[in-house]
Amino acid sequence: MKIMAQMGMVMNLDKCIGCHTCSVTCKQAWTNRTGVEYAWFNNVETRPGQGYPRTYQDQDKWKGGWELKRGKLRLRSGGRVKRLLQIFSNPKLPTLQDYYEPWTYEYDMLISTPLGEHTPVARPKSLITGKPMKIEWSANWDDDLAGGPELAPNDPVLVKIRDQVTDRVKLEFEQAFMFYLPRICEHCLNPACVAACPSGAMYKRAEDGIVLVDQDACRGWRMCVSGCPYKKVYFNHSTGKAEKCTLCYPRLEVGLPTVCSETCVGRLRYLGLFLYDADGVSAAAATENEHDLLQAQLDLLLDPNDPIVQEQALRDGIPQDWLEAAKNSPVYKLAKVYKVALPLHPEYRTMPMVWYIPPLSPVVDALRETGNDAEEAGNLFGALEALRIPIEYLAELFTAGDTAPVSRSLKTLAAMRSYMRDVNLGREPRPEIPAAVGMSEEMIYNLYRLLAIAKYEDRYVIPKAHAETARDLEELACSLDVSGGPGQYKPGPFGAASSRPVPVAVETFHALKVRQTTEVLIPLDAVRMNLKNWHGNGTTND
Amino acid sequence: MNSTDILLWVALPYLTIAVFVTGMFWRYKYDKFGWTTRSSQLYERKVIRIASPLFHLGILAVLGGHIMGLLIPENWTDSAGLSEDSYHLMAVGLGAVSGACTLFGISLLIYRRRTNGAVFAATSKNDKTMYIFLTAAICLGLVTTLVGSGIIGDGYNYRETVSPWFRSIFLMNPQPNLMAEAPFSFQIHAVAGMLLFLIWPFTRLVHAFSAPVQYLFRPYVVYRERGPHDPGSRPVKRGWERVG
Ligand code: HEM
Ligand code: SF4
Ligand code: SF4
């Protein structure tokens with residue numbers, strides 16, 4: 001057994017209002033550059049829907065992730081030799097049309113057009129070709145449509161459950177349900193992107209399991225893009241290098257949550273450590289029956305309160321403060337102790353480490369519409385039995401189609417709702433409600449505190465990176481227009497693809513942390529800053 | 001033999017080698033970030049599906065042919081029992097097929113670069129220059145195949161002049177007189193080839209030297225330690241401008 005630490009995330013889908021704040025702040029922070037205009041490291045898709053890029057979940061088409069071939073784990077796109085033979089043109093690479101063609105508007109026309117009879121208009125212009133274009137799709141074109149009659153038939157998840165349950169073909173309006181699915185890179189334990197990268201430029205960080213692309217070692221073979229079943233590696237078409245969600249590692253390293261978590265309006269994201277057995281990953285990912293993959297993945301996660309695990313973890317080089325953080329990890333609790341969080345598409349066999357608490361709201365809403373008491377445990381449990389389609393859909397997303405874990409998770413949430421209603425209304429609490437889902441009253445209450453009160457320090461338990469040898473951290477250099485800042489990172493003599501990568505830490509994250517947590521007003525000329533990370537202390541114009 | 005011959009068949013080859021080696025070294029050291037295929041497949045998928053494999057497999061076969069023809073002395077193949085005639089037949093046959101694939105492939109690639117708006121917008125001056133030199137070398141090379149095989153003219157056994165000259169360069173005993181005797185078509189192809197290698201380190205062609213064969217031997221999942229450096233990206237130690 002070799003114990004390693006993994007930074008993981010849990011998202012509580014019930015609370016997502018689909019506002020896209022996470023996507024926008026992430027874009028502002030990481031992908032507001034040429035070459036990745038079309039890339040959203042964080043995107044929020046409406047389900048049912050086609051997702052982004054369109055139909056990415058259809059692995060018969062895209063061949064992402066792993067599969068079992070004669071009991072052995074291998075990439076669905078084939079073996080190593082086959083991949084090398086296909087290197088000259090990757091048959092499974094999505095094109096921009098599968099994402100969308102990014103555009104801007106000719107704003108300049110509005111002010112520079114000479115006075116005339118007609119009001120000037122700002123036509124859309126492609127950011128790729130520079131030519132006028134017709135906008136037909138975008139990263140979020142089907143936002144809030146819940147599929148709809150034209151798009152729903154293309155949702156790979158719906159297609160699957162429809163094939164399986166032929167008599168429930170119709171997507172009747174009364175059965176309609178909708179929820180949002182925010183997605184980032186899963187920072188998988190068994191990352192298919194890393195396995196597919198021919199040059200070995202992609203790697204999993206040994207300390208915290210974050211999956212990164214070495215920009216100097218990437219040679220643009222673009223195999224990672226098709227290898228990832230979640231399509232969360234993006235090809236920067238300007239630099240010719242792959243880029244992906246970094247889990248905001250420069251922020252995590254100083255103890256700050258990721259940008260998407262920090263700015264989430266619903267405060268629904270949780271960050272914390274998992275301890276797992278690295279030696280067991282391949283065997284777990286090669287579990288025969290897809291329905292057993294969830295359990296195999298849970299079995300990899302070790303109990304940080306177990307003294308044997310602690311001892312081994314220390315021996316394997318996990319620092320003491322990280323061990324403490326693992327004990328308080330909200331993500332471990334939600335995934336393994338309360339068993340309410342589920343991984344997205346475990347059947348891809350990448351062992352994803354972003355987990356989801358499935359949404360109970362569609363069920364509650366449906367129940368309320370029938371005129372029943374939608375907070376009553378009995379009613380909710382009954383409804384969970386009756387409303388098959390949403391549950392099958394969720395199961396297809398989170399448990400490879402096995403409805404039992406989804407039902408259990410939703411029942412736990414339902415139990416929490418009705419138990420806490422009694423508590424809040426001053427009625428006699430009913431211990432039989434938690435008992436019905438195999439929990440004690442205390443557990444239900446703790447779950448309630450974690451999910452409903454959701455204090456900042458309970459949501460994010462992030463140990464700092466160890467940089468013992470590092471100097472006190474003065475950032476590389478930093479405002480956008482100052483010499484040495486990112487503004488200086490102009491293309492080199494061989495076009496956009498040469499010269500230096502823009503450093504990810506474009507400002508002092510340490511200073512940011514101090515600013516965000518301090519009570520004192522820090523004079524701004526002391527720290528260079530930009531608006532994106534404005535902390536509210538002081539002003540932006542000094 | 002005159003001074004032009006010395007210039008072309010002694011000075012130019014050594015200059016090419018010097019520039020190529022230092023150029024590659026320098027580019028690798030200072031511009032790893034620029035070392036990429038800069039794939040354009042994201043823009044366009046259909047044409048490249050045929051064009052790129054056709055071109056690459058063709059050019060790799062052509063490369064193999066050059067190694068055979070230039071590096072392996074004629075008497076080796078003779079003593080291996082391969083007669084001049086059968087060698088010739090084989091070389092011309094394979095050479096013509098791979099040459100045709102390469103030519104057709106590169107024509108498609110250039111056509112695609114020119115006609116697809118997105119690909120054209122992403123084509124740099126550097127790419128255009130590279131394509132001129134590359135296409136010139138390929139076309140002139142095909143002409144030498146035709147001349148050498150006797151399809152044009154009476155045929156010519158370049159393995160008695162061009163090849164020994166090529167080896168003499170690397171043996172540090174240059175023999176320009178051998179090349180001076182060769183037909184004009186061979187001479188101009190050799191010059192075009194050297195010019196291509198002169199600009200090679202400064203174009204996207206560098207990607208050919210990072211063909212990822214090591215992929216076959218490494219474990220699937222790569223782990224790397226973050227190490228004890230400062231938070232954020234690791235210090236930038238390279239660049240066109242002097243650092244610091
Ligand atoms: C074995 C080594 C090689 C490998 C693995 C390789 C691979 C690639 C790949 C993946 C691309 C990008 C295709 C795309 O747009 O998606 C590419 C482009 C290209 N390669 Fe290679 N290559 C190799 C050797 C060569 C050689 C020897 C040459 C020429 C002498 C060459 C010339 C080119 C050119 C001109 C392009 C640009 C094609 C375009 O117009 O988009 N490559 N190569
Ligand atoms: S989700 Fe992230 S870690 Fe997993 S395969 Fe895709 S890019 Fe790699
Ligand atoms: S910011 Fe939060 S609530 Fe808004 S879309 Fe993102 S995850 Fe959902």
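Quick note on labels: first sequence line is chain A, next is B, and so on, each numbered from 1.
- Looking only at distances, no side-chain donor or acceptor of B:E225 sits under 3.5 Å from a matching main-chain atom of A:A206.
- In this model, a donor atom of one side chain and an acceptor atom of the other lie less than 3.5 Å apart for B:S39 and A:R222.
- Using a 4.5 Å cut-off between heavy atoms, A:L84 touches chain B through its side chain atoms alone.
- A:L189 and B:Y223 make their closest contact through O-OH, 4.3 Å (heavy atoms, listed as atom of the first residue, atom of the second, distance).
- For B:K128, the NZ atom is densely surrounded, since the number of other residues' heavy atoms within 6.0 Å is greater than 12.
- Of the listed residues A:G130, A:C197, A:G209, A:A278, the one with more heavy-atom pairs under 4.5 angstrom with chain B than any other is A:C197.
- With B:Y220 as the aromatic partner, A:R80 meets the cation-pi criteria of under 6.0 angstrom to the ring centre and within 45 degrees of the ring axis.
- Both the backbone and the side chain of A:N90 have a heavy atom closer than 4.5 Å to some heavy atom of chain B.
- Interface remark: A:M4 contributes side-chain atoms only to the contact with chain B (heavy atom separation under 4.5 Å).
- At a threshold of 4.5 Å between non-hydrogen side-chain atoms, the residues B:P212 and A:I87 count as touching.
- The CD atom of B:Q41 sits 12.5 Å away from atom CZ of A:F88, with the distance rounded to the nearest 0.5 Å.
- By the 6.0 Å contact criterion, CZ on B:R114 is open, its count of non-hydrogen atoms from other residues, nucleotides or ligands being 12 or less.
- Proximity of A:E253 to B:R226: side-chain heavy atoms (C-beta onward) are separated by under 4.5 Å at one or more points.
- Atom CZ of B:F25 sits in a sparse spot, with 12 or fewer heavy atoms from other residues, nucleotides or ligands closer than 6.0 Å.
- Residue contact with chain A, scored on non-hydrogen atoms closer than 4.5 Å, is absent for B:A122.
- Neither the backbone nor the side chain of A:C193 comes within less than 4.5 Å of any heavy atom of chain B.
- Using a distance-only test at 3.5 Å, with no hydrogens or angles considered, a donor-acceptor pair links the side chain of B:R49 to the main chain of A:S89.
- Closest of all the heavy-atom pairs between B:L216 and A:V81 is CD2-CG2, 3.9 Å.
- Pairing each heavy atom of B:Y43 with each of A:H237, the nearest pair is OH-ND1, 2.7 Å.
- In terms of heavy-atom pairs under 4.5 angstrom with chain B, the leader among A:G220, A:A195, A:P91 is A:A195.
- The two residues A:N190 and B:V221 have their closest heavy-atom pair at OD1-CG2, 3.9 Å.
- Taking the charged nitrogens against the carboxylate oxygens, B:R224 and A:D214 do have a contact shorter than 4.0 Å, which makes a salt bridge.
- Few gaps surround OH on B:Y131; more than 12 heavy atoms of other groups in view lie less than 6.0 Å from it.
- Neither the backbone nor the side chain of A:A242 comes within contact range of chain B, judged by heavy atoms closer than 4.5 Å.
- Residue A:L212 does not touch chain B at all, counting heavy-atom pairs closer than 4.5 Å.
- Between A:Y99 and B:L42 the shortest side-chain heavy-atom distance falls below 4.5 Å.
- A side-chain donor-acceptor contact under 3.5 Å links B:R45 to the backbone of A:L93.
- The two residues B:A121 and A:I128 make their nearest non-hydrogen contact at CB-O, 3.6 Å.
- Between the side chain of A:R219 and the backbone N or O of B:H207 there is no donor-acceptor pair closer than 3.5 Å.
- No side-chain donor-acceptor contact under 3.5 Å links A:K204 to the backbone of B:V222.
- Looking at A:P94, only its backbone comes within 4.5 Å of chain B, counting heavy atoms on both sides.
- Checked against a 6.0 Å centroid threshold, the rings of B:Y215 and A:W221 do not count as neighbours.
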